[in-house]
Amino acid sequence: MSDQLSTLLSEERRFPPSPAFASEAVATQALYDQAAADPLAFWEAEAKRLDWSTPWDSVLEWELPHAKWFSGGQLNVSANCVDRHLAGARRNQAALIWEGEPGDTRTLTYWQLYQEVTRAANALLALGVKRGDRVAIYLPMIPEAAIAMLACTRIGAVHSVVFGGFSAESLRDRINDAQAVCCITADGGYRRGQILSLKRLADEALAGCPSIHSCLVVHRGQGIDPTACPMKEGRDHWWHRSLEAQAPDCEPAAMEAEELLFILYTSGTTGKPKGIVHTTGGYLTQAAATTRHVFDLKDGDVFWCTADIGWVTGHSYVVYGPLANGATVFMYEGAPDWPARDRFWSLCAKHGVTIFYTAPTAIRAFMKWGIEHPAKHDLSRLRLLGSVGEPINPEAWIWYHLHIGRERCPIVDTWWQTETGGIMITPLPGVVTTKPGSATIPFPGMDIELVDTTGTPVARGGGFLTIKSPWPGMLRTIYGDDARYYETYWSRFPGRYFAGDGAKIDADGYWWILGRVDDVLNVAGHRIGTMEVESALVDHPAVAEAAVVGKAHDLKGQAIAAFVTLKEGFTPSPSMRDELREHVAVKIGAIAKPDDILFAADLPKTRSGKIMRRLLRDVAEGRALGDTTTLADPGVVAKLKAEYESLE
Ligand code: 7RM
């Protein structure tokens, strides 16, 4: 991290907005001025851009750590994302343009999306799903993922989207934590030419989920044989059959602004993922406002956010933000290197993508693959690029600028979290001069402050990223564990939300996000708790103890290194290593597989028995060992270091 920090901070290049872009931009300096003068009036004006069936009584009620935004107001998210665009010319404009990995395509106009969403909403009602019930969504990146989310919002059901790359066990834990009553999955999805049968994994999960009464199964089509999909009598229903039986019309539930919209699970510092709770009015206000201003949305834009729907970025910037604005969203099912490494660029050219939002880990992979892949394609429709998920190194930023943006497109580096609901720190293109590697300055209306270890504000220099005032899209609690909500976010610095990230503010007041300061890893833009991986490892019958750390990785940002001691009677071997990696994949998902596993006789511990992960990080990153004087047995770590080096 410290190496990365020094390269970041020696970055001196500046990219002012072009006069042409600035003169046409949606956002202007006035936005900052208005928000600074009266933040609540600013958010109120943004909320008024949505359709409310009942206006709110108060903009904000705040009793730390609980915020209520737009109390008394009522609205429906699907009505805001679909119905209100049906009146004029947007009715026949594409809402979703989708391409499957094998190359099959579908386009849904707003009118067609309306029919799908209302039929799906009726199908959920027919299955007995009620307002407030939780619905698990376990789907590939197909239009039904967005349709299912919107259908839930239409009837006031709370969705919990679980990433299709997560294991059956992960799905089961999330369903049980939320006590979901219904699961929506598919008979398959394509990834690198392979079919992943989500329904089979769902079946495995549902065997241990007594709260589930029904399961809707989307038939993916495109060569997938529906007769091969086992359907459980009474529980399972084909999505297309259920929808066919319903009318394309469904009254949107008038939801209270503070009623639950969705739960999304994310990693924390313990083994148990946290169900992050988002509510209706504030979340949609922030998702819509940030999409419009940060991505400079205009008529005719084709917006492609490459995130999976299973991550918060897919919620806010594939579905809710763009559709609330009546934009055309492009969605792609598969891998960026399938069938070839130019797939993304061929998709951009073919579908006329104008705004492209991806993660640094993807950009670093594109760099490695070579400039010939984008060079082959007409990227002239692109006019704005975005980055999210982890710090973007200046080299990757410049590569993105040169080879994808062709020096014409502003880049917005956007910092935010599952917990924040929407973008928090970002340039507004057309207003803010960018610097490669810096997320620049807080979005208008956001009260973000850097503090030192004692909680004292730091105007310039390094510290911890905190948020001083509530914001509309903030999480409201952790599902079923309000004490953990307070403990995790509001206790470290009294009176403030602590994001868990370290950051630095430079002489111009620009923010440079340095990454997590807690035990959470960021592997290819995915948050993975070290404890989660450790719990998965010790769950294996051969493992006595495990310690997991992150190590710097060129492409993924961080890779996972695991130190494992085996129980009596088990011996280290390459096959044991494979077995443990597979075990983690089954428990959590393939993204959490450790890159390195070192079998150790002992782990470095303090005299009180605490594993010193700091030293294990030194070992994994090939550094000289830090202070070992508090170890019970300093010999242990020296031995590990020698063994680790012979691993590579
Ligand atoms: C949107 C998302 C959140 C964590 C966050 C940071 C890191 C995200 C940036 C970033 C530097 C960025 N939600 N992070 N964006 N770091 N620059 N532009 O990623 O909940 O999955 O992760 O990701 O550490 O705390 S998330």
Side-chain angles (χ1 to χ4, degrees), residues 1 4-5 8 11 161 163 165-166 262-269 273-278 283 286-287 290-291 294 305-318 320-321 357-364 385-394 396-397 400 411-427 434-443 446 448 464-467 473-475 478 488-489 497-504 510-529 532 550 556-558 591-592:
M1 190 52 77
Q4 200 189 344
L5 173 58
L8 272 179
E11 179 57 51
V161 182
F163 174 50
F166 278 149
F262 66 82
I263 303 169
L264 183 60
Y265 286 83
T266 192
S267 296
T269 53
K274 303 174 281 199
I276 301 300
V277 170
H278 284 288
Y283 169 82
Q286 187 175 336
T290 51
T291 306
V294 175
C305 163
T306 68
D308 192 279
I309 226 107
W311 309 109
V312 72
T313 311
H315 285 59
S316 301
Y317 301 106
V318 176
Y320 295 123
Y357 188 33
T358 198
T361 183
I363 299 168
R364 289 189 294 263
L385 304 175
S387 172
V388 62
E390 51 179 320
I392 180 167
N393 44 311
W397 196 103
Y400 200 27
I411 297 179
V412 289
D413 175 1
T414 61
W415 177 88
W416 59 293
Q417 308 179 292
T418 307
E419 292 87 340
T420 68
I423 292 170
M424 301 298 286
I425 305 181
T426 178
T434 55
K435 303 184 191 184
S438 167
T440 74
I441 59 175
F443 185 83
M446 301 305 184
I448 306 183
F464 302 97
L465 196 164
T466 69
I467 308 177
M474 68 188 267
L475 77 165
I478 293 174
T488 308
Y489 302 107
Y497 169 90
F498 176 43
D501 281 331
K504 179 139 185 150
Y510 275 44
W511 289 75
W512 300 76
I513 314 294
L514 305 172
R516 309 292 307 170
V517 299
D518 53 22
D519 288 333
V520 177
L521 307 177
N522 191 328
V523 180
H526 302 316
R527 266 167 71 169
I528 299 172
E532 265 177 284
K556 297 194 276 194
Q558 277 188 303
I591 45 163

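Side-chain atoms are counted along with the backbone in the values below, which use heavy atoms only and exclude waters and symmetry mates. Every value quoted in this text rests on a predicted model; they were computed, and no experiment measured them. Start at 1 with the first residue, then count along the sequence. Just so you know, ligand 1 is whichever comes first in the structure, and atom 1 is the first atom listed for that ligand.
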Practice item. State, without any angle test, whether Ser316 and Tyr283 hold a side-chain donor-acceptor pair at a distance under 3.5 Å. Key: yes

Exercise for review: Using distance alone, with no hydrogens and no angle criterion, decide if Thr290 and Tyr317 have a side-chain donor and acceptor under 3.5 Å apart.
Suggested key: yes

Check your understanding: Under 30°, 30 to 60°, or over 60°: which ring-plane class applies to Phe262 and Tyr320, parallel, tilted or perpendicular?
Key -> parallel

Review point. Do the ring centers of Trp511 and Phe443 come within less than 6.0 Å of each other?
Key: no

Exercise for review: Quick one: closest heavy-atom pair of Gln417 and Asp501, and the distance?
Suggested key: NE2-OD2, 4.2 Å

**Study point:** 4.5 Å side-chain heavy-atom contact, Ile448 and Leu465
**Key:** yes

Check your understanding: Can you list, by chain and residue number, every protein residue with a non-hydrogen atom closer than 4.0 Å to ligand 1?
Key -> Val312, Thr313, Val388, Gly389, Glu390, Pro391, Asp413, Thr414, Trp415, Trp416, Gln417, Thr418, Asp501, Ile513, Arg516, Asn522, Arg527

